[in-house]
Amino acid sequence: MALTLRSQHGCFGGKMGFYSHRSKETATEMNFSVFLPPQAEKAAVPTLTYLAGLTCTEETFMIKAGAQRLAADYGLMLVCPDTSPRDVAPAEQDGDWDFGSGAGFYVDATVAPWSQHFRMYSYVTRELPDLIAAEFPADPDRQSIFGHSMGGHGALISALKTPGRYRSVSAFAPISAPMHCPWGDKAFSGYLGDDRAAWADYDASELVKRAEERLPLLIDQGSDDQFLEAQLKPEIFEAACAEAGHPLELRRHPGYDHGYYFISTFMADHLAHHANALGLA
Ligand SMILES: N[C@@H](CCC(=O)N[C@@H](CSC=O)C(=O)NCC(=O)O)C(=O)O
């Protein structure tokens, strides 16, 4: 598997790298970033994948979230894919910031033209982990996942749909019930068509009701988040977890909005959550 190293930077004793490669799933070049902690020079380390939100790239989290110092302390590899394929025909880019480029929604599209390249679910749950295991000093038996907003939705569905893959999951302000909000309605009807049964396969509030395993699950939500009421709907996911008997630590934080100041404030708690599940704490 040919990887192109686009740039590399020393970071907290480890290495911050930005890569691209030809993806079989999306049939495009895909970008991703990896933070290698110093411990990775001597041994395979656990990986924590972060899925970013609408309009983000593989750089946003690495630049803004402040996760690398803690990951270096724990000996945790951080992996962050781009949020969609990029080098696609104009008809597949879409002019909207919440659909098309930068808005892959972590689903495998079934509706043309999106179905040709927008296969982000298979990309983040299969192709990218396999690539990381083959090309980096990663311990494939110790993986966890987290994300923000659209990426929080992506992290929740990735964990719920692949029992046995991840040791823990967490999310900042996730789109918790995409079948019941305008962002999800637009993405699911565009990528998956009108069949709401297909939508339920990518909705965490539906998937948790049939979950086979019980993962440590942490969600942080700002109470002053501008998207909270219309788009995020944590109360639906909270009720679904209660109905399913799935443990959930959902914390609401007055004074915090949707942005990376909120994310960076609670980043240490999320890394501790995952480090604990991955046997690093
Ligand atoms: N362009 C939009 C705002 C887009 C936005 O807020 N994106 C969020 C994720 S929202 C859900 O997935 C984000 O993480 N942005 C990156 C950042 O650096 O903050 C608008 O104009 O409202």
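Sequential numbering from 1 along the given sequence is applied to the chain's residues. Just follow the structure's listing: the first ligand is 1, and inside any ligand the first atom is 1.
The distance from ligand 1 to the heavy atoms of His258 drops below 4.0 Å at these ligand atoms: 10 (S), 11 (C). If you number the atoms of ligand 1 from 1 as listed, the ones under 4.0 Å from a heavy atom of His148 come out as 9 (C), 14 (O). The ligand atoms of ligand 1 that sit less than 4.0 angstrom from a heavy atom of Lys64 are 17 (C), 18 (O), 19 (O).
Ring to ring, Trp183 and Phe188 are not that close: their centroids are 6.0 angstrom or more apart.
The side chain of Thr60, and not its backbone, has at least one atom closer than 4.0 Å to an atom of ligand 1 (non-hydrogen atoms only; side chain from C-beta on).
Screening Tyr260, Phe172, Tyr256, Tyr261 for a ring pair (Phe, Tyr, Trp, His ring centres under 6.0 Å) involving Phe266 leaves a single residue, Tyr256.
Here His21 pairs with Phe32, Tyr123 under the ring pair (Phe, Tyr, Trp, His ring centres under 6.0 Å) rule; sequence neighbours left out.
Ligand 1 has an N or O atom lying under 3.5 Å from an N or O atom of Met150, backbone or side chain.
In this structure, atom 12 (O) of ligand 1 has protein heavy atoms in its sub-4.0 angstrom surroundings.
Remark: minimum distance from atom 7 (N) of ligand 1 to any protein heavy atom is reached at Leu54 O, 3.0 Å.
Selection from Gly151, Ser149, Gly53, Pro174 by nearest heavy atom to atom 10 (S) of ligand 1 gives Ser149.
Thr57 has its side chain within reach of Arg86: a pair of non-hydrogen atoms, C-beta onward, lies under 4.5 Å apart.
Ligand 1 lies less than 4.0 angstrom from a heavy atom belonging to Cys56.
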